[in-house]
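To start, the structure itself, in structure tokens.
Remember, it's a predicted structure, so these values are computed and weren't measured experimentally. Order of the sequence lines sets the chain letters (A, B, ...), proteins ahead of strands, with each chain counted from 1. Side-chain atoms are counted along with the backbone in the values below, which use heavy atoms only and exclude waters and symmetry mates.
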Amino acid sequence: MKKAILTITLASAIIFCLVSAILPRHKADLYSALYEQNITIEKSQENEIELKKGDCFVLGEIYGEPIVWEIIEDGDSPLAWSLNTICFRAYDEKSSDWETSDLREWLNSGNGFLSEENFASTEIISSDKDCDKIFLLSKNQLQKFSEAERAKAPTASAVRNDGSDKLVIRKNCWYWTSSPIETNSSSVTAVTSSGGFYKTLPTDTLMGVCPAFYLQSKTVTVLGGNGTAEKPYVIATGGEPR
Amino acid sequence: MKKKESFPLMIFTAITFTFFLFFTHLIIKTDDGHFLGIMSEEGFRLTEWLRERYLTVSGRTASEFLMMSFLKINPVFWKIFASLSFVFIAWFLQKICTAFSGTLTQNQKNIFCCCVPFLVFIGALNSGAFWFAGSFTFLFPFTAFLLTVAPLTFDFFEIKYNKSLNVVTVPTSLLACSQEQTAALTIAFLSVLFIAASFKKKLRFYHVPPMFFGFASAVWLFTSPGMRGRIVMEGSSFPRFEEMGFFEKILCGFSNYFGYSFFMSIIVTGLFAVLIYFTVTRLYESKKAKVFAKFFISFFVLVAAGVNGFYIAFNKTIPDKGFERLFKNGGYDLVSIITLILCFALLALFAVMLLLVIKKDKKLGFTASLLFAASVASAVVLGFSSSIYASGQRVFFFTDLLMLFACAVLISAVKENKARIIYNTAIILALIMFILNCFNFALLEIPIMG
């Protein structure tokens with residue numbers, strides 16, 4: 001009996017040390033297996049189409065991976081929302097106020113999210129009522145969706161670049177909304193991995209970002225794709241991924 | 001305690017401290033982060049906040065005061081305090097087991113007692129003990145409950161202890177009765193022990209203050225305006241609750257208990273079932289009793305494994321979630337009804353087995369029965385709360401611990417070779433659970449918690 005306990009303890013200690021040592025180096029492979037998106041970027045011929053609710057298209061990239069967007073609201077200026085969590089970032093150093101947040105600044109900065117490295121052109125992006133090109137959806141906007149629809153998985157590149165030594169093995173991840181918590185000014189409303197609402201501190205760096213934007217027009221020129229998540233439209237006018 | 005007999009507790013203490021110090025951490029995406037944020041707000045004052053909480057959200061003033069005080073300081077102090085609380089549970093159980101003589105040596109019983117905390121179902125254990133915010137609602141009130149009842153319990157069972165323990169029973173009674181479940185446990189156990197001790201002429205003057213202060217703390221808790229407000233707020237997730245009658249709420253509570261104890265925390269309930277089975281077969285020579293005991297254990301396996309598997313295959317969900325859906329929607333399906341009937345039958349068999357133990361060994365039987373009844377009651381009483389399904393498995397922290405306490409008491413009555421098999425199994429299981437939790441807390445940002 002003592003031998004059995006000793007064996008189990010030693011074996012576990014060895015496995016633990018091995019996992020702790022090996023995992024950081026092979027995290028990328030693990031995440032590629034779990035989160036890699038199977039999308040096909042197809043360029044055939046130019047075509048003018050009207051985007052409608054549910055259509056998916058690629059525009060821009062981050063960490064070298066194309067960003068897939070989904071139309072979630074129809075209209076003359078359709079609302080597009082990232083299909084996945086594209087990166088992990090803190091909201092702000094201290095405040096839960098969206099307007100003054102570091103995340104808002106980064107999302108709309110030419111040196112940040114909208115850099116030339118990520119977007120060759122942002123012509124088709126319109127500004128919202130607060131003059132932001134890129135923003136986060138509010139809790140009110142997200143309440144129109146079911147929990148299943150709100151649940152978002154991260155991209156493999158987002159998880160690889162999260163800067164954390166913790167594992168992300170759940171299918172979906174938490175992400176920010178632009179709404180503070182009603183009961184206090186120190187927390188931000190977040191969507192949980194199951195699609196529900198909860199809260200977290202604005203300094204939480206392991207929180208996903210799912211940006212949204214309004215398009216200038218519902219009529220766009222596409223170079224290929226069929227509008228599905230697997231074969232999203234490739235938008236022309238310089239917005240296509242390189 | 002002799003050196004060899006205190007060795008298991010020393011090892012357990014080292015393991016507990018190591019785990020708390022190196023593996024547990026504040027989890028920002030939970031109430032840990034929420035309360036941290038509240039505390040960092042400009043102009044935050046603890047007394048104002050506690051007052052507001054009492055009037056609007058919760059009557060758990062003592063535990064919330066403790067939580068915010070620990071949040072202000074380095075987390076290592078919480079880790080040390082939590083480790084001590086965890087170790088105290090094992091220590092208390094070891095002391096109780098000295099009152100029951102059987103074929104196991106005290107050292108073997110001590111080892112089993114040290115395994116008990118890690119045998120609690122992982123969903124209840126992690127959120128009740130290893131999570132910062134959860135520990136102030138579950139681990140610390142439970143430890144406070146044990147500290148409060150300790151002097152009366154030890155005097156009743158004629159167990160030697162350091163009488164200076166009586167000094168802490170008043171403050172611990174305030175903490176114990178600052179949470180609904182432990183308030184009920186504290187008042188119930190103190191009342192039962194009071195009556196039992198007075199019959200045995202073991203009642204002393206120093207047993208009275210914790211009863212008085214505990215009762216006052218419970219009144220403070222249950223009459224708080226915040227508690228009523230919280231019930232309304234959490235009732236929004238269970239709108240049908242207001243339509244349910246008294247008996248349906250009891251049924252809801254029992255279903256909650258069955259869903260957890262019979263179908264999730266099978267290790268704990270299984271251990272208890274096996275120990276009762278061995279106890280009855282040891283106490284009774286008659287063939288009838290042995291056949292009945294065999295029927296009992298077979299029925300338990302049928303329900304825990306067979307019915308569980310059938311329910312999952314048929315309803316495409318675990319019984320716990322199935323029952324939740326049933327009471328939230330009001331649609332009683334046949335499979336759930338049959339499952340509930342079988343669970344009630346199993347519970348009745350547990351009761352009959354315990355009565356058989358009482359008949360032959362009153363001290364053992366009554367102690368095990370009281371602990372089992374408290375375990376069941378602590379889960380069933382949730383049927384009267386609209387937030388029954390809002391908190392996850394951590395609400396069963398007491399259910400499992402009390403049942404494991406009953407297991408520790410029963411193991412003293414089992415024949416040596418069978419006892420050795422059981423406590424070897426318990427050691428291996430506890431070790432596996434501990435190791436799993438090391439991986440869980442080390443590798444995951446949000447550890448698996450119920």
side-chain hydrogen bond (donor to acceptor under 3.5 Å, both in side chains) involving B:Thr61 - partner list, sequence neighbours excluded:
B:Trp220

Of the backbone (N, CA, C, O) and the side chain (C-beta and beyond), which part of [X] lies under 4.5 Å from a heavy atom of chain A, both, or neither?
X: B:Phe35; result: neither
X: B:Ile448; result: both
X: B:Leu444; result: both
X: B:Ile435; result: side chain

Would you indicate whether B:Phe65, at its atom CZ, is surrounded by more than 12 heavy atoms from other residues, nucleotides or ligands within a distance under 6.0 Å?
no

If one checks every heavy atom of A:Ile181 against chain B at 4.5 Å, the contacting part turns out to be neither

May I have a list of the donor-acceptor pairs under 3.5 Å that connect chain B with chain A?
from: B:Lys29; atom 1: NZ; to: A:Asp204; atom 2: OD1; distance (Å): 3.3
from: B:Lys29; atom 1: NZ; to: A:Asp204; atom 2: OD2; distance (Å): 2.9
from: B:Lys29; atom 1: NZ; to: A:Leu206; atom 2: O; distance (Å): 2.8
from: B:Asp31; atom 1: OD1; to: A:Tyr198; atom 2: OH; distance (Å): 2.3
from: B:His34; atom 1: ND1; to: A:Asn184; atom 2: ND2; distance (Å): 3.4
from: B:Gly37; atom 1: O; to: A:Ser186; atom 2: OG; distance (Å): 2.6
from: B:Glu41; atom 1: OE2; to: A:Ser185; atom 2: N; distance (Å): 2.8
from: B:Glu41; atom 1: OE2; to: A:Ser185; atom 2: OG; distance (Å): 2.4
from: B:Glu41; atom 1: OE2; to: A:Ser186; atom 2: OG; distance (Å): 3.4
from: B:Ala442; atom 1: O; to: A:Lys166; atom 2: NZ; distance (Å): 3.0
from: B:Leu443; atom 1: O; to: A:Leu167; atom 2: N; distance (Å): 2.6

